[in-house]
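Below is one structure, written out as structure tokens; comments come after it.
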Amino acid sequence: MIYLDNNATTRTDPRVEERMSVCNALAWANPSSLHAAGRRARQTVDQARAELASLIGAEPEEIVFTSGGTESLNTALHSAITSFPDWQRLVITATEHSATSGPCALWERRGLEVVRIPVDRDGLPDLDAFSKAVTERPSIASIIWANNETGVINPMPEIASRAHEAGALLITDAVQAVGKIPVDVSAIPVSMLALSAHKFHGPKGCGALYVNRRLRFHSLLHGGGQEAGRRSGTENVPGIAGLGCAASLPMTLPDPGLTARRDWFETEVIRRHPRAVIHGHRAPRLPNTTNIAFPGFDAEAILILLDQAGICASPGSACGSAARNPSPVLTAMGLSAEEVKASVRFSLGRETTEGELATVLDELDRTLVRLASLQPAGGGPVIRRSVP
Ligand SMILES: Cc1ncc(COP(=O)(O)O)c(C=O)c1O
């Protein structure tokens, strides 16, 4: 199997699995218990908190463990809106993940104003529109750091400085950024930041919310008062241990080798299929992501044939794919419904080799030839039939 769907989830690193199984064997007690077994579990949680804080330039007490990116973002929005009840404007981009756009739509139905900042053809937001929106009224902005479908990286230093200037509160969805590019909250001041372990070789169902220590905070989950009262519920100790381990894995960020392999793959796709279009290619992008339209083809058909050949890729966001809705991200970038339907996301991993990519390229050639042969005569895509 060749796995090119790392933005959906990554393979758990063996070192993470090892840390989690040690935790299950030795630190399985409730970290709120005061006895020795409880203290051992508490130590495990504290170690992971320090490891994660160090990865993103935070203080350990600024980390709140959650069940993942979705909970972190829902919590961040809930906390900001509850803490600043007079700030009734939410400012997001048109390319947020549904974990942000979903709760914002809910808050909109409850009476808050939601301003959706448009993006250009490369997926970059209109910064003047952003400044205007956050300056007009006291605002809570929630801006995705790096997009899950296209890999486009938003200009976070500029966004943070404009938000700061306007006195707006800034949340960021860094779920795809952490572990792929440097993310440092001591250099780029954001109020809250969401991340998720399974996107950087940690376990699923475990994430965190960074909360700046000077920020007023209102929790979403109430109960036993764990996480210093910020997130009730017995801690997922093995998951947290795995998250801490994933955060401390040696990584080169950004990974120049990975960028080179992705760029080579794109160059080859364009050489073999000159009508293919790479979305967001003029913008800064994550080193591992490429989202490519094959005009005249149906992405779903391409993906089925690739899957039969043992290649895993995806039509865009894994979360959206079950819903079969046209990608709101690509639509916001100005692509037609046809172009959106023809778009395939390949998200490489640290372990993806050039040999694997060469196999995918050949399989893609065969797939497109096969699909073209099924098109009605005279219609359908124009492609080169000689497979290089
Ligand atoms: C950009 C982005 N934000 C949020 C999420 C949600 O994270 P989780 O799956 O941990 O709930 C995802 C997951 O696909 C994502 O890619």
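As the structure lists them, so they are numbered: ligands from 1, and atoms in each ligand from 1. Everything numeric in this text was worked out from a predicted model, so none of it was measured. The chain is numbered in sequence order, starting from 1.
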Item checked: Per-atom contacts, ligand 1 versus I144 - under 4.0 Å to a heavy atom -> 1 (C)

Margin query: Quick check: N148 and ligand 1, any N/O pair under 3.5 Å apart?
Written below: no

Notebook entry, point to check: Of the options L361, V269, T259, which is the one that meets W264 in a side-chain contact (heavy atoms from CB on, under 4.5 Å)?
Noted result: L361

Next item on the list: Show the numbers, then the answer: is there a side-chain hydrogen bond (donor to acceptor under 3.5 Å, both in side chains) between H218 and S83?
Entry: CA-CA 6 Å; H218 277 82; S83 303; 3.0 Å; yes

Check: Is there a side-chain contact between V211 and E62, using heavy atoms and a 4.5 Å cut-off?
Finding: no

Next item on the list: Say whether T70, considering both its backbone and side-chain N or O atoms, lies within less than 3.5 Å of an N or O atom on ligand 1.
Entry: yes

Next item on the list: Walk me through it: do T289 and N7 pass the test side-chain hydrogen bond (donor to acceptor under 3.5 Å, both in side chains)?
Entry: CA-CA 8 Å; T289 309; N7 286 10; 3.0 Å; yes

Check: Between R162 and F130, is NZ or CZ placed under 6.0 angstrom from the six-membered ring centre and within 45° of the ring axis?
Finding: no

Notebook entry, point to check: So is there a nitrogen or oxygen of G69 less than 3.5 Å from a nitrogen or oxygen in ligand 1?
Noted result: yes

Margin query: At less than 4.0 angstrom from any non-hydrogen atom of G68, what atoms of ligand 1 do you find?
Written below: 10 (O)

Notebook entry, point to check: For ligand 1, is there an atom lying under 4.0 Å from some heavy atom of K199?
Noted result: yes

Item checked: Close-contact set for ligand 1 against S196 heavy atoms, below 4.0 Å -> 8 (P), 10 (O)

Next item on the list: Tell me, please: is E71 in heavy-atom contact with ligand 1, that is, under 4.0 Å?
Entry: no

Next item on the list: With heavy atoms under 4.0 Å as the rule, classify the contact between D173 and ligand 1 as side chain, backbone, both or neither.
Entry: side chain

Notebook entry, point to check: Which of the atoms of ligand 1 are close to H198, meaning less than 4.0 Å from one of its heavy atoms?
Noted result: 8 (P), 9 (O), 10 (O)

Next item on the list: Select one of side chain, backbone, both or neither to describe which atoms of N147 lie under 4.0 Å from any atom of ligand 1, heavy atoms only.
Entry: neither

Next item on the list: Report the part of K204 in contact with ligand 1, treating N, CA, C, O as backbone and CB onward as side chain, heavy atoms under 4.0 Å; options are side chain, backbone, both, neither.
Entry: neither

Next item on the list: Identify, with sequence neighbours excluded, every residue that meets side chain to side chain donor-acceptor pair (under 3.5 Å) alongside R116.
Entry: E108

Next item on the list: Please report the C-alpha distance between V329 and N147 in whole Å, then the side-chain angles of each, then the deciding distance to 0.1 Å, and finally whether the side chain to side chain contact (heavy atoms under 4.5 Å, CB included) criterion is met.
Entry: CA-CA 9 Å; V329 171; N147 190 270; 3.6 Å; yes

Next item on the list: Output yes when R345 and E149 qualify as a salt bridge under the 4.0 Å nitrogen-oxygen rule, no when they do not.
Entry: no

